[in-house]
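Report on the structure given below.
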Amino acid sequence: MPSGPGHAGSGASLTGAGTERDTRARVARLILEHGPVTASALGERVGLTPAAIRRHLDVLLAEGMIEVRKARTPQARRGRGRPAKWFAITDEGRSAFVHAYDDLATSALRFLAETAGEHAVAEFARRQIADLERRYRPVVQDAPPHQRVRTLAEALSGDGYAAAAAKAPQPGGGEQLCQHHCPVAHVAAEFPQLCEAETEAFSRLLGTPVQRLATIAHGDGICTTHVSSRSLSGKDGGGDPAASVAPGGDAGERSPERTHINDEESGGTPQ
């Protein structure tokens, strides 16, 4: 994964010189990884004054790299002022982080589907994810059961997925595995077998059913996977190859986005 959108050669806002460009690239990356997020939270993370962070945000907004979203609920208001603004990455901004060769990969998979059938695409996806699963398995299995989702998130982040673990808001407990970046999102939009293979691998690694709630490939801001609370019960089921994806865990199912940025304005759910 590139160190920042300035490496992608896309967008006039990312082509400035020196420190300005580097700082703006860092701001864009933080929005990608932690957005939707407020200007005050970004300023604290980058160490900029409110005026300075607004200047960078204005440039990114003008270039279409980010967009403004308002909180749904009044809890996100700051005192008696206007509702807090939340900044999220756009498709154009996300594309600045996407790896090259998407068109080539898509064309190759189309050819495979036409000549060998959809089952061949699914088998290819499983083989592609097998290396990731093989590398992650020892790390995840060595972690205590209650830390396995977080450990998997850290391993994914090491491979550029900008992942994090959070408590699930749904009744019944469990956790959510959130991925803020997907290197193959544009390809997976046409070939959901890639998302499905990844979801199956998560289930095997964690030893519990999981359910994919949202994907970047289908237009959601974050790839969100709900992990059954059984993985947190203390039973050592991690890595069980018999574990399966929970019914309804289709990669195309969508749910509202959520953020796990903790700041003084995190009382509301952005949209």
Side-chain angles (χ1 to χ4, degrees), residues 1-8 10-11 14 24-39 41-42 44-46 56-57 60 64-69 71 85-99 102 129 132 136 149-169 175-189 194-195 198-199 201-202 210-227 251-263 265-266 268-271:
M1 185 176 177
S3 60
H7 293 266
S10 171
L14 303 177
R24 195 145 50 243
R26 186 182 175 196
V27 170
R29 186 179 180 87
L30 283 171
I31 296 173
L32 168 73
E33 295 183 353
H34 301 291
V37 61
T38 61
L42 285 168
E44 290 176 3
R45 286 175 175 268
V46 184
H56 288 296
L57 291 172
L60 292 170
M65 305 299 288
I66 62 174
E67 62 184 1
V68 175
R69 299 182 185 180
K85 291 182 179 179
W86 298 75
F87 296 90
I89 204 78
T90 62
D91 287 341
E92 182 178 350
R94 192 183 304 279
S95 68
F97 293 87
V98 174
H99 292 290
D102 276 359
I129 207 70
L132 177 147
Y136 292 177
V149 178
R150 185 172 300 277
T151 300
L152 177 56
E154 292 172 352
L156 286 165
S157 293
D159 280 339
Y161 289 85
K167 291 293 183 182
E175 286 187 280
Q176 283 189 347
L177 179 65
C178 302
Q179 296 159 261
H180 292 262
H181 178 64
C182 175
V184 297
H186 287 74
V187 182
L194 296 171
C195 296
E198 182 183 76
T199 306
F202 290 168
V210 304
Q211 183 178 16
R212 184 59 62 92
L213 302 178
T215 64
I216 294 170
H218 284 82
D220 298 291
I222 305 171
C223 291
T224 306
T225 305
H226 179 266
V227 181
E253 184 175 351
R254 299 176 62 174
S255 70
E257 295 174 18
R258 24 189 328 270
T259 181
H260 48 83
I261 278 287
N262 292 318
D263 62 28
E265 295 162 337
S266 62
T269 304
Q271 65 175 4

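Owing to the predicted nature of the structure, the values given are computational and were not obtained by experimental measurement.
- Side-chain atoms of Thr215 never come within 3.5 Å of backbone atoms of Cys223 as a donor-acceptor pair (strictly under, hydrogens ignored).
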If you apply the rule side-chain contact (heavy atoms from CB on, under 4.5 Å), what do you find for Leu42 with Leu57, and how did you get there? CA-CA 10 Å; Leu42 285 168; Leu57 291 172; 3.9 Å; yes
side-chain contact (heavy atoms from CB on, under 4.5 Å), that's the test. Do Leu194 and Val187 meet it? Break it down for me. CA-CA 8 Å; Leu194 296 171; Val187 182; 3.8 Å; yes
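- His181 and Gly160 make their closest contact through CD2-O, 2.9 Å (heavy atoms, listed as atom of the first residue, atom of the second, distance).
- Between Pro36 and Trp86, the shortest heavy-atom contact is O-CE3, 3.3 Å.
- Here the side chains of Phe87 and Val68 are in contact, with some heavy-atom distance below 4.5 Å.
- Residue His34 comes nearest to Arg45 through the heavy atom pair NE2-NH1, 3.9 Å, listed as atom of the first residue, atom of the second, then distance.
- Residues that satisfy the side-chain hydrogen bond (donor to acceptor under 3.5 Å, both in side chains) test with His56, not counting sequence neighbours, are Arg24.
- Considering Val27, Leu32, Ile31 in turn, Ile31 is the only one that fulfils the side-chain contact (heavy atoms from CB on, under 4.5 Å) rule with Ile66.
- Side chain of Thr224 to main chain of Cys178: no donor-acceptor pair is present (N/O by atom type, distance under 3.5 Å, no hydrogens or angles).
- Leu156 places a side-chain heavy atom less than 4.5 Å from the side chain of Leu177.
- The structure places CD1 of Ile89 at 12.0 Å from NE2 of His180, a figure rounded to the nearest 0.5 Å.
- Shortest non-hydrogen contact noted between Tyr161 and Pro183 is CE2-CD, 3.5 Å.
- Here the straight-line distance linking atom CD1 of Ile222 with atom CD1 of Ile216 works out to 7.5 Å at 0.5 Å rounding.
- Under the rule for a salt bridge (Lys or Arg N to Asp or Glu O under 4.0 Å), the partners of Glu67 that lie at least two apart in sequence or sit in another chain are Arg69.
- At a threshold of 4.5 Å between non-hydrogen side-chain atoms, the residues His218 and Arg212 do not count as touching.
- In plain terms, the two heavy atoms of Ala217 and Cys195 that are nearest each other are CB-SG, 4.3 Å.
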Is there a side-chain contact (heavy atoms from CB on, under 4.5 Å) between Leu213 and Gln176? Walk through the geometry before answering. CA-CA 9 Å; Leu213 302 178; Gln176 283 189 347; 3.4 Å; yes
